[in-house]
Amino acid sequence: MTLDVNELGAIPAAWTRRHLLGLEDLSADELNIILDAAEMFRDATHDCTRKISVLTGRTAANLFFENSTRTRISFSLAMRRLGGDVVDFASGSSSMSKGETVIDTAKNIEAMGVDVVVCRHRTPGTTHLLANNLRCSVINAGDGPHEHPTQGLLDILTIRQRRGTLAGLTVALVGDIQFSRTARSNIWGLRKLGAHVILCGPSTLVSPLWREMGVEISHNLDAILPRCDVLNLLRIQFERQSTRPFPSVREYALLYAMNRQRIERAKDGVLILAPGPINRGVEVTPDVADGPHSVILEQVTNGLAVRMAVLWLICGASARELD
Ligand code: CP
């Protein structure tokens with residue numbers, strides 16, 4: 001079933017950005033524009049299951065130089081549910097093996113009539129480089145350990161839907177903060193919307209320098225647990241680490257895994273989030289991941305709504321600029 005375009009309002013005049021590279025530069029008003037648009041799309045499309053053709057004739061290119069399940073598929077589905085086209089680029093089978101640069105690769109794909117490039121790359125700043133060198137819009141789908149703005153937005157949307165507001169909530173990001181792009185985007189977004197943020201994990205992964213971002217630091221999950229409204233459990237990013245940040249995974253799980261005993265000591269109604277992929281038994285036990293406090297799959301559905309909203313806003317701002 002395709003819904004009527006007229007069911008959607010116009011793009012808010014306050015939205016002027018052609019790119020989404022991170023949450024660091026966005027104001028609280030801009031964050032709320034994206035979150036409100038995501039809710040509008042979720043409502044208008046029955047939880048993002050139906051089409052609403054507002055981007056017919058537009059094309060997005062997924063340029064993923066790192067693996068992805070959730071982000072890549074939901075950007076593709078989001079563009080298709082908005083009536084647009086998607087082209088998928090796989091770096092392993094591309095001509096980059098013949099020496100072509102990222103910029104040249106992206107420029108060639110843009111020359112085929114692409115409106116938006118969605119890029120994930122292991123090097124921080126790659127999407128900024130593309131935004132400076134392409135004429136089309138660029139969306140950051142994760143640049144190394146730097147930012148993952150749509151992940152931050154979908155985490156925040158999930159909390160807002162469950163709690164009504166971010167203001168006054170205490171949100172703990174638990175685990176591998178040092179190598180996490182999700183942590184940075186969450187910190188920027190949550191703080192701007194009035195949440196108190198605690199970073200919790202081993203001292204090798206949570207430096208006291210993070211206090212400069214206005215957050216609380218803790219190395220003791222059991223001590224902060226009774227104060228937290230939300231726990232966002234971040235995966236240990238072994239692939240980015242040159243040395244093990246703790247003696248064994250078993251010891252990490254003993255101190256930081258969210259398990260049934262810890263749920264019993266947490267606030268009533270505590271929300272358990274995880275950006276995924278989850279490692280069952282490391283940052284979260286299966287009974288908690290699949291239990292009543294978990295909103296992990298709601299996050300995934302909200303990811304689709306957020307990406308529909310971002311694509312719609314960015315394509316709209318780009319069209320306005322061309323008028
Ligand atoms: N959360 C997230 O970015 O998942 P993927 O790596 O599967 O895209």
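Bear in mind that the values here come from a model prediction, so they are computed numbers and not experimental data. When a ligand or atom number is given, it counts from 1 through the structure's own listing order.
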Do [X] and [Y] pair up side chain to side chain, a donor and an acceptor below 3.5 Å, judged on atom types alone?
X    : Y    : result
S74  : R307 : yes
T71  : R120 : yes
T301 : D47  : no

Discussion item. Regarding R235 and D176, does a basic nitrogen lie under 4.0 Å from an acidic carboxylate oxygen?
Written reply: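 Salt bridge absent between R235 and D176.
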Worksheet item: Can you say whether the rings of H128 and H146 are parallel (under 30°), tilted (30 to 60°) or perpendicular (over 60°)?
Response: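 Ring orientation of H128 relative to H146: tilted.
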Worksheet item: So which protein residues pack against ligand 1 under 4.0 Å, heavy atoms counted?
Response: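 Its neighbours under 4.0 Å (heavy atoms only) are S68, T69, R70, T71, R120, H148, Q151, P275, G276, given by chain and number.
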Practice prompt. Sequence neighbours left out, what pairs pass ring pair (Phe, Tyr, Trp, His ring centres under 6.0 Å) with at least one residue falling in residues 67-89?
Written response: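 Only F65-F89 qualify under ring pair (Phe, Tyr, Trp, His ring centres under 6.0 Å).
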